[in-house]
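The shown structure was predicted, so the numbers you read here are calculated from the model rather than taken from an experiment.
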Amino acid sequence: MSSFTRRLCWVSAVVLGLGLAAPAPVQADTAQSVLSAINAARAKAGCGPLRLDARLTAAARSHARAMAEQNFFGHAGQDGSRFSNRIKRQGYSFRTAAENIAAGQRSVGQVVQSWLKSTGHRRNILNCRLTETGIAMVYQPDDKPLRGSRHALRYYWVQVFAAPT
């Protein structure tokens, strides 16, 4: 794994929620904007469009919120959960699933560009077998820098992908 990819994984992966107790203004169309950009990339690759699913969005939102509130960044939750656990908790049954996360990107364009530049995240986006998605972003205004970092991330993004059973 290149240093760029390691850094991107440290600063990237996807969720679009409606925020925390004191969120920054999040446009109601943020998830739709991410979805449009992701679907444009999928169309260029010959994949069908993803559809938003409320259960997948809830799974994405819960992980984005956890990262923001518990001050960590990673695919595994502080409780040891993986994205597959979080999806199942929402009552969603799937054949295959994936997750992209990101942190620090302040706009839809920045987060989508980060994902598309990362081999693993791009692979999830362009996996034509995945047909549904949930997207969330949580803004933590009083975020603290993660250990070893000088700057707070503040923006936590999660995108969950799945193909239902």
Side-chain angles (χ1 to χ4, degrees), residues 1-19 23-68 73-77 82-88 90-139 153-165:
M1 180 181 286
S2 73
S3 64
F4 172 78
T5 303
R6 260 194 305 277
R7 189 166 26 97
L8 185 60
C9 286
W10 199 176
V11 178
S12 276
V14 172
V15 181
L16 269 168
L18 295 179
V26 175
Q27 300 300 321
D29 64 351
T30 303
Q32 190 59 52
S33 295
V34 171
L35 182 63
S36 294
I38 295 295
N39 279 340
R42 287 173 60 87
K44 287 180 185 176
C47 294
L50 293 168
R51 293 178 306 279
L52 284 174
D53 180 89
R55 295 164 297 179
L56 295 177
T57 297
R61 185 180 307 116
S62 71
H63 191 53
R65 181 170 285 138
M67 289 190 294
F73 182 77
H75 289 284
R82 301 282 180 199
F83 68 90
S84 57
N85 306 116
R86 295 186 290 270
I87 293 169
K88 289 175 186 175
Q90 298 301 322
Y92 188 98
S93 297
F94 58 91
R95 286 190 312 269
T96 187
E99 178 184 68
N100 284 356
I101 60 170
Q105 293 85 350
R106 294 174 179 244
S107 72
V108 168
Q110 288 175 345
V111 77
V112 171
Q113 183 179 32
S114 292
W115 284 333
L116 289 172
K117 285 183 177 180
S118 164
T119 302
H121 296 113
R122 183 179 183 85
R123 185 175 29 250
N124 291 340
I125 290 168
L126 302 182
N127 182 339
C128 296
R129 294 178 313 168
L130 299 168
T131 58
E132 297 184 335
T133 192
I135 304 165
M137 186 278 292
V138 171
Y139 175 73
L153 297 171
R154 290 196 175 86
Y155 297 83
Y156 294 85
W157 302 82
V158 179
Q159 183 171 17
V160 178
F161 305 84
T165 55

Nearest-0.5 Å distance that lies between atom [atom1] in [X] and atom [atom2] in [Y]:
| X | Y | atom1 | atom2 | value |
| --- | --- | --- | --- | --- |
| I38 | C47 | CD1 | SG | 11.5 Å |
| I125 | L50 | CD1 | CG | 9.0 Å |
| I135 | L56 | CD1 | CG | 10.0 Å |
| Q32 | L52 | CD | CG | 6.0 Å |
| R86 | H75 | CZ | NE2 | 9.0 Å |
| L130 | F94 | CG | CZ | 10.5 Å |

Any side-chain heavy-atom pair from R51 and T131 closer than 4.5 angstrom?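 SC-SC contact between R51 and T131 confirmed.
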Side chains of P164 and E132: closer than 4.5 Å at any heavy-atom pair?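 Yes, their side chains come closer than 4.5 Å.
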Say whether, by atom type as modelled, one donor and one acceptor occur between the side chain of [X] and the main chain of [Y] under 3.5 angstrom.
| X | Y | answer |
| --- | --- | --- |
| W157 | V111 | no |
| N85 | R82 | yes |
| T133 | V160 | yes |
| R42 | N127 | yes |
| S62 | A59 | yes |
| H63 | G74 | yes |

Might you work through the side-chain contact (heavy atoms from CB on, under 4.5 Å) test for Q105 and Y155, ending with a clear yes or no? CA-CA 6 Å; Q105 293 85 350; Y155 297 83; 5.9 Å; no
Contact summary for [X] and [Y], nearest pair of heavy atoms:
| X | Y | result |
| --- | --- | --- |
| Y92 | A163 | OH-C, 4.0 Å |
| H121 | S118 | ND1-OG, 2.7 Å |
| G134 | A60 | O-CB, 3.8 Å |

Got a sec, which residues hit side-chain hydrogen bond (donor to acceptor under 3.5 Å, both in side chains) with N39, two or more places apart in sequence or on another chain?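 None.
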Mind checking what makes side-chain hydrogen bond (donor to acceptor under 3.5 Å, both in side chains) contact with Q90, not counting sequence neighbours?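 For Q90, no residue satisfies side-chain hydrogen bond (donor to acceptor under 3.5 Å, both in side chains) once neighbours in sequence are set aside.
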